[in-house]
Amino acid sequence: QVQLVESGGGLVQAGGSLRLSCAASGRTFSNYAMGWFRQAPGKERNSLAAISRLSGGITYYADSVKGRFTISRDNAKNTMYLQMNSLKPEDTAVYYCAAATLTAYGRGWYEASGMEYWGKGTLVTVSS
């Protein structure tokens, strides 16, 4: 089992930037594909970005964050990141990281239903 802890959330003005981190422990980090998700109050949890097991490998971005957010991972540090630029008030949500043991990256590999382990989330608030 892998344990995940998110950090880096906070309050930022619209147009600003934040970098979220997801620290993993317990198992070999490079065995897992990773993803970032968010959930706003009263809404479903949505996939934002995902990355395959190897740094520089396959990535996925939701249309809502494409061009503004960048996912990356450092397997030597057992950490995944989400660089968020040009933040908007609608980006306000609790952000979660998740891990999945994948051997292939088929359709929908980045969806929440395929993730096995979850962090507890970090709150991002973007003020207008």
A.B. asks: Could you report the tightest heavy-atom contact between Glu6 and Lys120, atom names first, then the distance?
C.D. replies: OE1-N, 3.1 Å
A.B. asks: Ignoring hydrogens, what is the shortest heavy-atom contact between Arg45 and Phe37? Give both atom names and the distance.
C.D. replies: CG-CB, 3.8 Å
A.B. asks: Indicate, with yes or no, if Phe69 and Val94 share a hydrophobic cluster defined by side-chain heavy-atom contacts under 4.5 Å among Ile, Leu, Val, Met, Phe, Trp and Tyr.
C.D. replies: no
A.B. asks: Tell me whether Leu54 shares a hydrophobic cluster with Ile58, the cluster being built from Ile, Leu, Val, Met, Phe, Trp, Tyr side chains joined at under 4.5 Å.
C.D. replies: no
A.B. asks: State, yes or no, whether a side-chain contact exists between Leu4 and Met34 at a heavy-atom distance under 4.5 Å.
C.D. replies: yes
A.B. asks: Between Leu87 and Leu18, which heavy-atom pair has the shortest distance, and what is it?
C.D. replies: CD1-N, 3.9 Å
A.B. asks: Would you say Val124 and Leu20 make side-chain contact, with heavy atoms under 4.5 Å?
C.D. replies: yes
A.B. asks: Within the structure provided, determine whether Trp36 and Cys22 are in side-chain contact (heavy-atom separation under 4.5 Å).
C.D. replies: yes
A.B. asks: Kindly give the heavy-atom pair with the smallest separation between Tyr96 and Gly119, and that separation in Å.
C.D. replies: CD2-O, 3.6 Å
A.B. asks: Using a 4.5 Å cut-off on heavy atoms from C-beta on, say whether the side chain of Ser7 contacts that of Thr122.
C.D. replies: no
A.B. asks: Consider only side-chain heavy atoms of I, L, V, M, F, W and Y, link residues closer than 4.5 Å, and tell whether Leu82 and Tyr60 are in one cluster.
C.D. replies: no
A.B. asks: Check whether any side-chain heavy atom of Tyr61 lies under 4.5 Å from a side-chain heavy atom of Leu48, and answer yes or no.
C.D. replies: no
A.B. asks: Taking distance alone, no hydrogens or angles, what donor-acceptor pairs closer than 3.5 Å link side-chain atoms of residues 105-118 to residues at least two apart or in another chain?
C.D. replies:
residue: Tyr105; atom: OH; partner: Arg53; partner atom: N; Å: 3.3
residue: Glu116; atom: OE2; partner: Thr101; partner atom: N; Å: 2.4
residue: Glu116; atom: OE2; partner: Thr101; partner atom: OG1; Å: 3.2

A.B. asks: Can a cation-pi geometry be assigned to Arg19 and Tyr81, taking NZ or CZ under 6.0 Å from the six-membered ring centre and within 45° of the ring axis?
C.D. replies: yes
A.B. asks: Would you mind reporting whether Met80 and Ile51 have side-chain heavy atoms less than 4.5 Å apart?
C.D. replies: yes
A.B. asks: If you compare all heavy atoms of Leu11 against all heavy atoms of Ser127, which two are closest, and at what distance to 0.1 Å?
C.D. replies: CD1-CB, 4.3 Å
A.B. asks: Just distance, no hydrogens or angles: give the donor-acceptor pairs under 3.5 Å from side chains in residues 23-31, sequence neighbours left out.
C.D. replies:
none

A.B. asks: Looking only at non-hydrogen atoms, find the nearest pair between Pro89 and Ala14 and report the distance.
C.D. replies: CD-CB, 4.1 Å
A.B. asks: Once side chain to side chain donor-acceptor pair (under 3.5 Å) is applied, what residue pairs with a partner in residues 84-94 remain, sequence neighbours excluded?
C.D. replies: Ser17-Asn85, Arg38-Asp91, Arg68-Asp91, Gln83-Asn85
